[in-house]
Amino acid sequence: MKQKTLTNTMDYQELADVYEQLDKTTKNLEKRDIIADFLKRTPKSELANVILFLNGEIFPSVSEEVLGIADKMVLKALSKITGKNENAITNVWKEKGDLGLVAEQVVKKKTQTTLSQEKLTISYVMEILRAIARFEGENSTQKKTGSLAKLLSSAKPKEARYITRTALGDLRIGVGFGIIRDAIVKAFNVEKEHVQHAYDFRSDLSELVLLAKESGNKGLKNVDLKVGKPLRLMLYQKAQGISNGFTRVGAPAAIEYKYDGMRVQCHFKKGEVTLFTRRLDDVTKQFPDLVGALKEHVSCKECILEGEAVAYNSKTKEYVPFQILGKRIKRKHRIDEIAKKIPVVLYVFDMLYLEGKNLLLEPFKKRRAALERIVRKKAWQVELAKQVITGNEDKAQRFYNEALEKHQEGVMMKKLDAQYQPGSRVGFGVKVKPILEPLDLVITGAIWGEGKRGKWLSSYVLSCKKGDVLAEIGKMATGLSEEQFEEVTKRLEPLITKTSGKRVEVQPKLVVEVGYEEIQKSPTYSSGFALRFPRLIRFRDDKEEPDDLERIKRIYQDQKSLSQKQA
DNA sequence: CGTGTCTGCCC
DNA sequence: ATTCTGC
DNA sequence: GCAGAATGGGCAGACACG
């Protein structure tokens, strides 16, 4: 113990023990206490690493770097360690429902045959994982899996479990920012609201935890909104229809179109514009057209505003499906070319900062007014989100119908005097989307689950009828209670006709009613269509046959003709 | 050099 | 994105 | 009500492989 303090390092084993304790309890307060105790005894030099690791991260989320490892790469690494092929490892994976547990078993077996083991320190594990992230170019897959295999080989079984889960970006210990925040509060005797505040404006746990330890409340409070640094977005909960929406946000309320595009936070400073996504990634390079339009049509020196970027067809002036906008989001090459082909219009709806003044605590209607003052509307480039303010249900309903006719997702209903509240909170604003007519589809395959669904077939391949045969139209994995997962697994198991890896094919017996947001064209599924956000509505044991592809085509066409009515 | 696989990130 | 679950 | 877990389609980029 003394030596550790001297050298200012900490063994990864200690972290692995903490992970295991966290894994064992479902009680959030216990988790908080375990983490708080650990943070208190973590040397300052390891604190930044430890807090990231506790959150399952290798880089702070504000960093542009990513690890580039997921399940297939882990399989390769485990295959290297054991000398077994990936299929054999996959079979163990299927049984355990967790690659971390597979790695643990692999290392346990190996340890019996090897002797000396050096201790891994937290900073060493971090260093190796970050080095793995940085391999690129030819043979980088080899290098990545090789390094991971070596790291796992030098780990104790329990360490291997959590290193693997960290590499996969999924610790599965029931710890997220909420519990980490409360642990920081307890460990360093600071106020919850200040920790949350600092996180909302920086999203960097490493920076935050050091600040809490070194400067306490004062330091945390001083973290402020800074133009050019993205802040966490306000998120809206779902309401069941307009009437329910009014109940939730009060009447009158601001009602706006919910556009089907990409959320963008725009920062203006010294003539420069920076664009951030919902996850605070910088997409400025991807949208030079948007940057240009904003510079031209927004008059301010410094401001932060938010909007939804929607793709449209430049000739017909029709909105195009989200899939098309998707082509632009991760572009790195020929950006100008694609910008011409797939133009976007930004519908701005909120203003967070203007000329030195933080507007977050101002009521929404004032923020909107500020927005209206500085944005000069330019059709099909920068416009204000279409809005009405009303407390009248009929008027609101008509506005909602109009949004749907124009093929947008629905409406947002916003409390007029609500502040801008990062994250998701009750009472500030809601989204209202329609429930479309569901489809009856038959389960033709399934995939064994992970983690708490490890014992169940937990994702289901769905098919429709295409003449005399069946055609796949996607997968569904939500909308079921645990009881229903159990039941479906029991009913599907006897129907299995073929197994490959974690995937099975089953006789087409079980018909389910499936809800979704939209029917999309699919390059993946044999029906040529797929569902956006599929979920189980109910079982249709009264039915033996799924819907026909013709019905799906019809619904798809109806969607399209609706969208063509707009403009 | 074309195609398939994997990963991360939009929704 | 959606949905379910434990606290 | 909050936080966390587990899962959907599809896109571009990066790399492996033949």
Side-chain angles (χ1 to χ4, degrees), chain A residues 25-32 56 64-76 97 133 135-145 168-182 235 237-238 259-264 277-281 283 286 308-309 321-335 338 342 409 423-427 431 433 447 449-454 456 458-462 473-485 514-525 529-537:
Chain A
T25 175
T26 55
K27 304 229 181 330
N28 292 341
L29 294 179
E30 271 177 40
K31 288 181 197 279
R32 177 200 67 190
E64 300 275 298
E65 292 185 281
V66 289
L67 181 60
I69 284 195
D71 46 16
K72 295 298 192 296
M73 299 269 264
V74 168
L75 281 179
K76 276 198 166 69
F135 285 122
E136 59 177 14
E138 209 172 324
N139 294 325
S140 58
T141 304
Q142 282 279 345
K143 291 177 194 162
K144 281 180 173 234
T145 53
L168 291 169
D170 218 348
L171 281 175
R172 281 210 275 257
I173 53 173
V175 171
F177 174 74
I179 288 169
I180 291 176
R181 175 198 59 210
D182 296 350
L235 302 172
Q237 300 188 321
K238 218 170 166 174
Y259 296 96
D260 187 12
M262 182 177 77
R263 188 101 174 248
V264 190
T277 65
R278 179 197 172 102
R279 288 188 44 173
L280 312 187
D281 281 344
V283 286
Q286 280 68 30
E308 187 85 2
F322 177 79
Q323 275 167 293
I324 307 296
L325 175 64
K327 291 174 189 289
R328 294 195 54 178
I329 297 170
K330 299 207 83 187
R331 275 269 165 171
K332 287 169 84 172
H333 311 298
R334 300 183 184 203
I335 285 171
I338 200 81
I342 308 171
E409 294 182 329
S424 167
R425 289 289 192 75
V426 163
K431 51 189 169 190
K433 295 194 201 182
I447 298 119
E450 294 264 331
K452 64 181 177 186
R453 295 193 196 164
W456 303 318
S458 90
S459 173
Y460 311 102
V461 180
L462 305 171
I473 191 171
K475 300 202 289 277
M476 173 191 75
T478 190
L480 292 84
S481 65
E482 293 187 348
E483 203 180 336
Q484 287 175 313
F485 279 117
V514 181
Y516 56 91
E517 303 285 318
E518 187 185 22
I519 294 174
Q520 307 172 310
K521 284 225 154 157
S522 170
T524 315
Y525 293 105
F529 293 94
L531 307 179
R532 194 176 183 194
F533 312 135
R535 61 263 200 181
L536 177 81
I537 304 293

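It should be emphasised that the depicted structure is a prediction, and the values quoted were computed from it without experimental measurement. Throughout, protein chains are lettered first and strands after them, A, B, ... in sequence-line order, and every chain is numbered starting at 1.
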At 4.0 Å (heavy atoms only), tell me whether [X] reaches a base, stays on the sugar-phosphate, or touches nothing.
{"X": "A/I173", "answer": "sugar-phosphate"}
{"X": "A/L536", "answer": "nothing"}
{"X": "A/Y516", "answer": "nothing"}
{"X": "A/G137", "answer": "sugar-phosphate"}
{"X": "A/K521", "answer": "sugar-phosphate"}
{"X": "A/G515", "answer": "nothing"}
{"X": "A/K76", "answer": "nothing"}
{"X": "A/R263", "answer": "sugar-phosphate"}
{"X": "A/L531", "answer": "sugar-phosphate"}
{"X": "A/V175", "answer": "sugar-phosphate"}
{"X": "A/I69", "answer": "sugar-phosphate"}
{"X": "A/E65", "answer": "nothing"}

Answer yes or no: is there a side-chain heavy-atom contact under 4.5 Å between [X] and [Y]?
{"X": "A/R279", "Y": "A/T277", "answer": "yes"}
{"X": "A/E482", "Y": "A/W456", "answer": "yes"}
{"X": "A/Y460", "Y": "A/L536", "answer": "no"}

If you count every heavy atom of other residues, nucleotides or ligands that lies below 6.0 Å from [X] atom [atom1], does the total exceed 12?
{"X": "A/Q142", "atom1": "CD", "value": "no"}
{"X": "A/E65", "atom1": "CD", "value": "yes"}
{"X": "A/R425", "atom1": "CZ", "value": "no"}

May I ask you to evaluate whether [X] reaches the phosphate of [N], defined as a side-chain N or O under 4.0 Å from OP1 or OP2?
{"X": "A/S458", "N": "D/dT7", "answer": "yes"}
{"X": "A/Q520", "N": "D/dG9", "answer": "no"}
{"X": "A/R331", "N": "D/dC11", "answer": "no"}
{"X": "A/T277", "N": "B/dC9", "answer": "no"}
{"X": "A/T141", "N": "D/dA16", "answer": "yes"}
{"X": "A/K452", "N": "D/dA6", "answer": "no"}
{"X": "A/K31", "N": "C/dC7", "answer": "no"}
{"X": "A/K431", "N": "C/dT2", "answer": "yes"}
{"X": "A/H333", "N": "D/dA14", "answer": "yes"}
{"X": "A/R535", "N": "C/dT3", "answer": "yes"}
{"X": "A/K144", "N": "B/dC6", "answer": "no"}
{"X": "A/S424", "N": "D/dC2", "answer": "no"}
{"X": "A/S522", "N": "D/dG10", "answer": "yes"}
{"X": "A/Q484", "N": "C/dT3", "answer": "no"}

Q: Evaluate the salt bridge (charged side-chain N to carboxylate O under 4.0 Å, His left out) criterion for residues A/E450 and A/R172: first the C-alpha distance (whole Å), next the side-chain angles of each, then the deciding distance (0.1 Å), finally the verdict.
A: CA-CA 10 Å; A/E450 294 264 331; A/R172 281 210 275 257; 3.2 Å; yes

Nearest whole angstrom, please: distance from the [atom2] of [N] to the [atom1] of [X].
{"X": "A/M262", "N": "D/dC11", "atom1": "CE", "atom2": "C1'", "value": "12 Å"}
{"X": "A/D260", "N": "D/dG10", "atom1": "CG", "atom2": "P", "value": "14 Å"}
{"X": "A/E64", "N": "D/dG13", "atom1": "CD", "atom2": "P", "value": "15 Å"}
{"X": "A/Q142", "N": "D/dA14", "atom1": "CD", "atom2": "C1'", "value": "16 Å"}
{"X": "A/I342", "N": "D/dA12", "atom1": "CD1", "atom2": "C1'", "value": "12 Å"}
{"X": "A/E517", "N": "D/dT7", "atom1": "CD", "atom2": "P", "value": "20 Å"}
{"X": "A/I324", "N": "B/dC11", "atom1": "CD1", "atom2": "P", "value": "16 Å"}
{"X": "A/R32", "N": "D/dG4", "atom1": "CZ", "atom2": "P", "value": "14 Å"}

Between [options], which nucleotide has the shortest distance from any of its atoms to the side chain of [X]?
{"X": "A/E136", "options": "D/dC15, B/dC6, D/dG8", "answer": "D/dC15"}
{"X": "A/R532", "options": "B/dC11, C/dC7, D/dG9", "answer": "B/dC11"}
{"X": "A/R279", "options": "B/dC9, D/dG10, C/dT5", "answer": "B/dC9"}
{"X": "A/F322", "options": "B/dT7, B/dC10, C/dT2", "answer": "B/dC10"}
{"X": "A/K238", "options": "C/dT2, B/dG8, D/dG9", "answer": "C/dT2"}
{"X": "A/V426", "options": "D/dC15, D/dC2, B/dC10", "answer": "D/dC2"}
{"X": "A/E482", "options": "C/dT5, D/dG8, D/dA6", "answer": "C/dT5"}
{"X": "A/T26", "options": "C/dG6, B/dC11, D/dA16", "answer": "C/dG6"}
{"X": "A/V66", "options": "B/dG8, D/dA3, D/dT7", "answer": "B/dG8"}
{"X": "A/K327", "options": "D/dA6, D/dC11, D/dC2", "answer": "D/dC11"}

(Q) Measuring only the P atom in each nucleotide, how far is D/dA6 from B/dC10? A whole number of Å is fine. (A) 22 Å

Q.
On DNA chain D, does the nearest nucleotide to A/F529 precede the nearest nucleotide to A/T478 from the 5' side, or the other way round? Give the residue.
A. A/T478

Q: Using the closest heavy atom to pick a nucleotide of DNA chain D for each, name whichever of A/Q323 or A/F177 lands nearer the 5' end.
A: A/F177

Q: Tell me, with the steps shown, if A/R263 and A/L235 meet side-chain contact (heavy atoms from CB on, under 4.5 Å).
A: CA-CA 11 Å; A/R263 188 101 174 248; A/L235 302 172; 4.2 Å; yes

Q.
Test side-chain contact (heavy atoms from CB on, under 4.5 Å) on A/V74 and A/I69; report intermediate values, then the result.
A. CA-CA 7 Å; A/V74 168; A/I69 284 195; 3.9 Å; yes

Q: Give the C-alpha distance, both sets of side-chain angles, the deciding distance and a yes or no for side-chain contact (heavy atoms from CB on, under 4.5 Å) between A/Q286 and A/R328.
A: CA-CA 7 Å; A/Q286 280 68 30; A/R328 294 195 54 178; 5.7 Å; no

